[in-house]
Undergrad: 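Structure incoming, see below.
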Amino acid sequence: MGSDTGKAIERIVIVGGGTAGWMAAAALSRISGKEGAGKGGRKSPVAIELVESEAIGTVGVGEATIPPFVDFNTLLDIDEREMLSAVQGTFKLGIQFVNWGNLGDSYIHPFGNYGYEVDGVSFHHLWHRNRMRGDKRPIQVFNLETMAAHFGKFARTEDYKRDDMPPMNYAYHIDAGAYARFLRAYAEKRGVTRREGRVAEVRRDGESGDVAALVLEDGSTIAGDLFVDCSGFRGLLIEQALETGYEEWTHWLPCDRAVALPCKRDDGSPPPPFTRATAHRAGWQWQVPLQHRNGNGHVYASAHMEDAEAHDILVANMAGKPTADPNFLRFVTGRRRKFWNHNVVALGLAAGFMEPLESTSIHLINTGINKLVALLSLDGITETQRSAFNRLTNKEYERIRDFLILHYHATARDDSEFWNYCRTMSVPDSLTEKMELFRANGQIFREDDELFTETSWAAVMMGQGIAMGGHNVMAHGIADQGVAKEVDGIEQSIRFLVEHMPGHGEYLQRYCPAPPA
Ligand SMILES: Cc1cc2nc3c(=O)[nH]c(=O)nc-3n(C[C@H](O)[C@H](O)[C@H](O)COP(=O)(O)OP(=O)(O)OC[C@H]3O[C@@H](n4cnc5c(N)ncnc54)[C@H](O)[C@@H]3O)c2cc1C
C-alpha cells in the first residue's frame with residue numbers, strides 16, 4: 001500500500017550488490033547527479049547509493065541470459081566485445097532440452113523464428129500443411145539458430161552483410177560475478193556511490209509507513225526517498241520490513257533446491273553456443289559454457305531427492321573436474337504479492353523466483369528496471385505508478401510461469417514419482433487452454449505482451465510431445481507452388497549461412513577473447 005508521497009525523489013538507495021543491484025545501479029546511473037526536471041522548475045540532483053555486504057555475498061549463480069539482455073547492454077552503451085571479454089562470455093542461440101518429453105529425447109528451443117510468415121500465416125502452419133502432403137523435413141531445418149547450434153557455428157547478422165538472409169538472434173552466457181564487477185565499475189564511473197556494510201535495521205516513517213532510512217551495523221545511517229530492494233531471497237525491505245507476502249507456486253514448480261558446481265572442459269572442446277538442460281529423476285541439470293569453464297547445476301525437488309544424491313548425479317554428468325566447492329541453494333518458487341510497496345521496489349530474487357529453466361530471472365530484473373525508469377517521476381511516488389508496476393509485472397510472471405510449467409507437465413516420462421506427479425498435476429487454466437488450442441490446429445496466441453514468441457511455444461510444445469492435430473485454415477488457401485518455393489528458399493538460405501560460418505570457439509577467439517582465468 002502506501003499513499004502518494006508528493007515528496008521529491010532526491011536520494012535513491014539500492015540494497016544489494018548482486019546482478020540485480022548492479023544492473024539497477026548501472027541503469028539508474030544515467031540519472032545520477034542530473035537535475036530533476038520537476039514541477040515549478042525544481043532543480044535537485046539525484047543521488048544514487050548502493051549498499052552491499054561482502055560478508056553476506058551474492059547468490060553466485062545466474063549465468064545464462066536471453067536476447068533482450070543484449071538490448072539492455074546496448075542501451076547502456078556498453079561495448080559488446082569489451083563486456084564479453086571481461087566476463088568470459090560466450091554466445092547463446094537457445095536451450096537444448098535433453099530427456100524432457102521422454103528419456104532419450106532432445107530438442108532445441110531457439111531464439112529466432114521458424115521460417116517466416118507467408119500471407120499472414122505463421123510458418124509452423126505451412127510446415128504442418130506440407131508435412132501432411134508428404135514433406136518429411138523436420139521443422140528444425142527452417143530455423144537458423146537451431147542449425148547453427150547443432151553444428152557449433154556462430155556469426156552475427158552484421159558479419160554476413162546480406163539483407164536477404166535471416167537474422168541471427170542471440171543472448172550471452174556470462175560469469176555472474178565478473179558481470180556484477182563490470183557493472184559496478186560502469187556505475188561508479190557515472191556517480192553511483194557504494195557503501196560496504198550490513199544493514200542491521202530498517203527505519204520506517206511513523207506516519208506513512210514508508211522506509212525512511214537504513215541503519216548499518218557500524219551505526220551509520222542511509223536515508224532515502226526511493227529504495228530498490230535487491231537483497232536477494234531474504235527480501236530485506238520488501239518482506240522483512242514491509243511484510244508484503246509471497247504467493248507460492250511450489251505445487252506447479254516443485255523444484256526447491258539447487259547445487260551449483262563449475263568445472264573445466266577436460267577434453268578441451270570449444271564452448272557450444274547453447275545452454276543445455278538435461279532432465280534427471282527429480283529435476284534437471286544445467287550446463288552453461290563460458291570461455292574458461294562450464295557452469296553446472298542440478299535443480300531438484302527435496303520431496304523426491306536428498307542433497308547428496310543430487311550432488312552425485314551432477315558430478316557424474318559434468319564435462320570435467322570441479323573447480324570449486326559445491327554451492328547448495330534453497331528457494332521457494334513464486335512471487336511477492338506486490339513488487340512495488342510503499343517506496344520500495346523489489347528487483348531480482350527479492351521480487352520472486354520461478355526456475356532457472358528458461359533463464360528468465362535476469363530478464364525480469366531488466367524489465368523491472370525498464371518499467372521503473374518509465375514510471376519514475378522525480379516529483380514523488382503515486383499509487384497509480386505502484387499499481388501499474390504491480391499489474392504489469394504480475395502478468396509477466398504469470399505468462400513465464402505457464403511456459404515453465406509446460407516443460408514439466410507435457411511429458412510422457414513415468415520413470416519416477418517426481419515425473420508422475422508433474423505429468424498428472426492440474427495446471428493453470430491459462431496453460432490448459434494454450435495446450436488445447438495448439439493440439440487442435442497449432443494456434444498460439446501471445447497475450448499481454450508476453451515474452452515468449454510463437455516459435456518458443458511451438459518448439460517447446462512439439463519438443464515435449466504435443467503434436468499439432470491440424471493447422472490454420474488459411475494455410476490451405478496459399479498456392480502449393482508459392483509455398484514450396486518459399487519453404488525451400490528458407491532451408492537453402494539457412495544451410496548456406498551455417499556452412500559458411502566459423503565455429504563458435506573460433507569466433508570468440510577472434511571477437512572477444514578473454515584473458516586467461
Ligand atoms: C540455482 C539458480 C540458478 C539460476 N540461474 C539463472 C540463469 O541461468 N539465468 C538467469 O537469468 N537467472 C538465474 N538465476 C537467478 C539469478 O541468479 C538472479 O536473478 C541474479 O543473480 C540476481 O540475484 P540478486 O542480485 O537478486 O541476489 P543476490 O545475488 O543474492 O544478491 C543479494 C545482495 O544483497 C546483499 N545483502 C543482502 N542482505 C544484506 C544486508 N543485510 N546488508 C547489506 N547487503 C545485503 C548481498 O550482500 C548481495 O550483494 C538463478 C538462480 C538460482 C537460485
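Here the structure is a predicted model, which means the values were calculated and not measured. Note that ligands are numbered from 1 as they come in the structure, with each ligand's atoms numbered from 1 the same way.
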Undergrad: Counting heavy atoms only, which of A350, G18, G57 comes nearest to atom 46 (C) of ligand 1?
TA: G57
Undergrad: What are the atoms of ligand 1, with element, lying closer than 4.0 Å to any heavy atom of G348?
TA: 26 (O)
Undergrad: Considering non-hydrogen atoms of the protein only, which is the closest contact for atom 8 (O) of ligand 1, and what is the distance?
TA: A64 N, 3.3 Å
Undergrad: Taking non-hydrogen atoms only, is E54 closer than 4.0 angstrom to ligand 1 via side chain, backbone, both or neither?
TA: neither
Undergrad: Flag yes if more than 12 heavy atoms outside E247 fall under 6.0 Å of its CD atom; otherwise flag no.
TA: yes
Undergrad: Is E52 paired with R194 through a side-chain N to carboxylate O contact shorter than 4.0 Å?
TA: yes
Undergrad: Does G197 reach ligand 1, in the sense of a heavy atom lying below 4.0 Å from it?
TA: yes
Undergrad: Check each of S361, P356, G16, G352 against atom 3 (C) of ligand 1 and report the one with the nearest heavy atom.
TA: P356
Undergrad: Give the numbers and elements of all ligand 1 atoms closer than 4.0 Å to a heavy atom of I362.
TA: 10 (C), 11 (O), 12 (N)
Undergrad: State whether a side-chain donor-acceptor pair under 3.5 Å links H504 with T90.
TA: no
Undergrad: Which is closest to atom 29 (O) of ligand 1 by heavy-atom distance: V59, V61, I365?
TA: V59
Undergrad: Does the N or O separation between L349 and ligand 1 drop below 3.5 Å for any pair?
TA: yes
Undergrad: Heavy atom under 4.0 Å from ligand 1: found in T65's side chain, backbone, both, or neither?
TA: neither
Undergrad: Only heavy atoms count here, so choose which of V51, V299, I56 is nearest to atom 39 (C) of ligand 1.
TA: I56
Undergrad: How far is atom 38 (N) of ligand 1 from the closest protein heavy atom, and which atom is that?
TA: R234 CD, 3.3 Å
Undergrad: Please determine whether any non-hydrogen atom of V15 lies less than 4.0 Å from an atom of ligand 1.
TA: no
Undergrad: Cationic tip of R330 within the cone over F328's six-membered ring, i.e. under 6.0 Å and within 45° of the normal?
TA: no
Undergrad: Quick one about Y511 and E80 (side-chain donor to acceptor, distance below 3.5 Å, no hydrogens or angles considered), yes or no?
TA: yes
Undergrad: If you measure from each non-hydrogen atom of A258 to ligand 1, which part falls under 4.0 Å: side chain, backbone, both or neither?
TA: side chain
Undergrad: Given C230, G21, G232, which has its nearest heavy atom closest to atom 33 (C) of ligand 1?
TA: C230
Undergrad: With heavy-atom distances below 4.0 Å as the criterion, list the atoms of ligand 1 near V199.
TA: 40 (C), 41 (N), 42 (N), 43 (C)
Undergrad: Is it the case that the side chains of S106 and Q96 hold a donor-acceptor pair, with the cut-off being a distance below 3.5 Å and no angle test?
TA: yes
Undergrad: I need the atoms of ligand 1 closer than 4.0 Å to a non-hydrogen atom of E63, numbered in the order shown.
TA: 7 (C), 8 (O)
Undergrad: Between the side chains of E49 and R195, is the shortest nitrogen-to-carboxylate-oxygen separation below 4.0 Å, so that they form an ion pair?
TA: yes
Undergrad: Do E243 and R204 sit within salt-bridge range, that is, some charged N less than 4.0 Å from a carboxylate O?
TA: no
Undergrad: When the ring planes of F233 and F331 are compared, do they come out parallel, tilted or perpendicular, using 30° and 60° as the limits?
TA: parallel
Undergrad: Using the rule ring-ring contact (aromatic ring centres under 6.0 Å, His included), only one of F403, Y114, W457 pairs with H109; which is it?
TA: F403
Undergrad: Check ligand 1 against R198 and write out every atom of the ligand that is under 4.0 Å from a heavy-atom position of the residue.
TA: 41 (N), 42 (N), 43 (C)
Undergrad: Step by step, would you call R336 with E239 a salt bridge (Lys or Arg N to Asp or Glu O under 4.0 Å)?
TA: CA-CA 8 Å; R336 285 291 160 229; E239 195 58 54; 2.9 Å; yes
Undergrad: Geometry only, no angles: is S53 polar-contacting ligand 1 at N/O separations under 3.5 Å?
TA: yes
Undergrad: Below 4.0 Å from any atom of ligand 1, is there a heavy atom belonging to W286?
TA: yes
Undergrad: With the threshold set at 4.0 Å, does a side-chain nitrogen-carboxylate oxygen contact exist between D415 and R281?
TA: no
Undergrad: Look at the rings of W286 and W284 and say which category their plane angle falls in: under 30° parallel, 30 to 60° tilted, over 60° perpendicular.
TA: tilted
Undergrad: Mind checking whether A20 has an N or O less than 3.5 Å away from an N or O of ligand 1?
TA: yes
Undergrad: Under a plain distance cut-off of 3.5 Å, with no hydrogens placed, do Y179 and N73 share a side-chain donor-acceptor pair?
TA: yes
Undergrad: For atom 16 (C) of ligand 1, which candidate among C255, A351, G62 provides the closest heavy atom?
TA: G62
Undergrad: Ligand 1 and G17, any nitrogen or oxygen pair closer than 3.5 angstrom?
TA: yes
